[in-house]
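Reviewing the structure listed below.
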2 protein chains.
Amino acid sequence: MNDLTQDIAPIPALTMADVVELRLREYLKKKSFRPGDALPKEQELADALGVSRNVVREALSRLRMLGMIDTKKKRGMILTQPDILGSFERVLDPLILSQNTLQDIFELRLVLEMGLADLLYVRKTDKDIEELEAIVNEEVHQIQKPFRVEHEIAFHGKLYQMTGNETFLRFQSMLLPVFEYVVDFEIKASGNTKVGKITHRDLVHILRTGKAEDFRQGMKEHLSPHFERLAKS
Amino acid sequence: MNDLTQDIAPIPALTMADVVELRLREYLKKKSFRPGDALPKEQELADALGVSRNVVREALSRLRMLGMIDTKKKRGMILTQPDILGSFERVLDPLILSQNTLQDIFELRLVLEMGLADLLYVRKTDKDIEELEAIVNEEVHQIQKPFRVEHEIAFHGKLYQMTGNETFLRFQSMLLPVFEYVVDFEIKASGNTKVGKITHRDLVHILRTGKAEDFRQGMKEHLSPHFERLAKS
DNA sequence: TAATTTCTTTTGTACTACATAATAAAGGTG
DNA sequence: CACCTTTATTATGTAGTACAAAAGAAATTA
């Protein structure tokens, strides 16, 4: 463990843009700005903060990326509902994330799948189950790699959609590719390619006839190869 | 439903900074940049893209906020491991999120709690349980509001910490305040303040003597007032 | 050779200028 | 008087220049 940056926090070295971003956040919070409210114009902010408009724009550019503000020429800027997952999505690239983080995300997705049952059973409808069944019937003969992943996404994605929770659905659709990346990586390393005894079809059957607890046990079995990969620390 | 913006997507209206941000992402991906690699200097990027350095800086400012790049004077910019939750944190303010999103996050946290058991049982140690017990003993006589939340965070936070998953721990510590906000809001509306029959202390006991499945059932019971709040759609 | 001083380079910040789009105001026409 | 058209007006978007500051690199000296 010779990576000092892990133990010693780097010096902040805030730039003006960093500070302005913070100050703007404070300002919005203190003044209880709500979505739809208009912000002061750039030059006014720059004057008030004693910095150049340039710096203000860099900070605003960040908030704009987060979906916190929306700007129109002349009309000025207004506060908006941020897209809470948008920025997350920007950063979720397996190639630039550390092995540790990838593992964390892998586990996070396992936890989500295991916790899904209760919410699912509150919201599921017969129509949902039929659609899910249709998805399962589509995948029947496809075993090759790219197709398998596609069906994995379709099936599990539908499960999340059934919860009626949009954030949840998007979140999982972002996590799953990372999950698959980790699985692929480990399969290549270990050669272990076994799959769970419970198939997607079995899960649908449980959804029809069983209880939430049965579904969770089925999911656990379905994901068992992944659980076996979990290291003891 | 007279809010047109819900149905009709707004015109993108990309600014140069938006485009440059995208192009930089593509560039980094295409060239397989890895953490530690040095980026071209700002002026070179500006020339290559045919825009002013100003615009490039706005885009870089965004990437810097996401923790994707780190810049030092003279030495230039290098790619870094992004902080995948940092930007999430910036946006997770109950006051600016829609009721729908708040509800989604509320549910997300419930799902996480319910899915926690398996991972927890793989990783938990006796020392962890002792520490958890200490936390429970601390909270024994405190029932007032601010203390309750504090203990809620301490207890559940410890559970997540026991999974050894740093991302997970941070994630929950960000979700929990939003969760509490939603709960508060609903309590004020309905007056319903009942709590689950299973206490933190009971959960620790289960953790000592029971199996993962027992713990999950205990958690379900512990969270039952919240599950009852879930609307059927 | 090693320590110190002096370039040199690249980011950080400021300022100016102007294009552009969207609104507001003014003016004309039925 | 109301309605349409045209003309300012104004705030953001973009470009470009200039210079301060920090951090290496190079040169100089002991």
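If you're wondering where the values come from, they're calculated on a predicted model, not measured in any experiment. Numbered from 1 within each chain, the chains take letters A, B, ... in sequence-line order.
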Is there a side-chain contact between Met219(B) and His156(B) (heavy atoms, below 4.5 Å)?
yes
Value in whole Å for how far the P atom of dT12(D) lies from CZ of Arg64(A)
9 Å
Nearest-angstrom distance from the residue atom NZ of Lys74(B) to P of dA25(D):
6 Å
In whole angstroms, the gap separating C1' of dT10(D) from NZ of Lys41(A) amounts to 7 Å
Report yes if at least one side-chain N or O of Arg53(B) is closer than 4.0 Å to OP1 or OP2 of dG16(D); otherwise report no.
no
Using distance alone, with no hydrogens and no angle criterion, decide if Asp104(B) and Thr101(B) have a side-chain donor and acceptor under 3.5 Å apart.
no
Residue Gln43(A) excluded, over 12 heavy atoms near CD under 6.0 Å:
yes
Separation of atom CD in Glu58(A) from atom P in dG13(D), rounded to whole Å
14 Å
Can you check whether any acceptor in the base of dG16(D) is under 3.5 Å from a donor in the side chain of Asn54(B), or vice versa?
yes
Atom pair distance, as rounded to whole Å: CG in Leu60(A) and C1' in dT12(D):
11 Å
Closest to the 5' end of DNA chain C, once Lys72(A) and Val51(A) are matched to their nearest nucleotides, is Val51(A)
Classify the ring geometry of His226(A) against Phe106(A): parallel below 30°, tilted from 30° to 60°, perpendicular beyond 60°.
perpendicular
If I take atom CZ in residue Arg57(B) and atom C1' in nucleotide dA15(D), what distance separates them, rounded to the nearest angstrom?
15 Å
Return yes if a side-chain donor-acceptor contact under 3.5 Å exists between Glu186(B) and Tyr181(B), otherwise no.
no
Side chains of Arg90(B) and Glu21(A): closer than 4.5 Å at any heavy-atom pair?
yes
When you list every nucleotide of DNA chain C with an atom under 4.0 Å from a heavy atom of chain B, which one comes first 5' to 3', and which comes last?
dT8(C) to dT13(C)
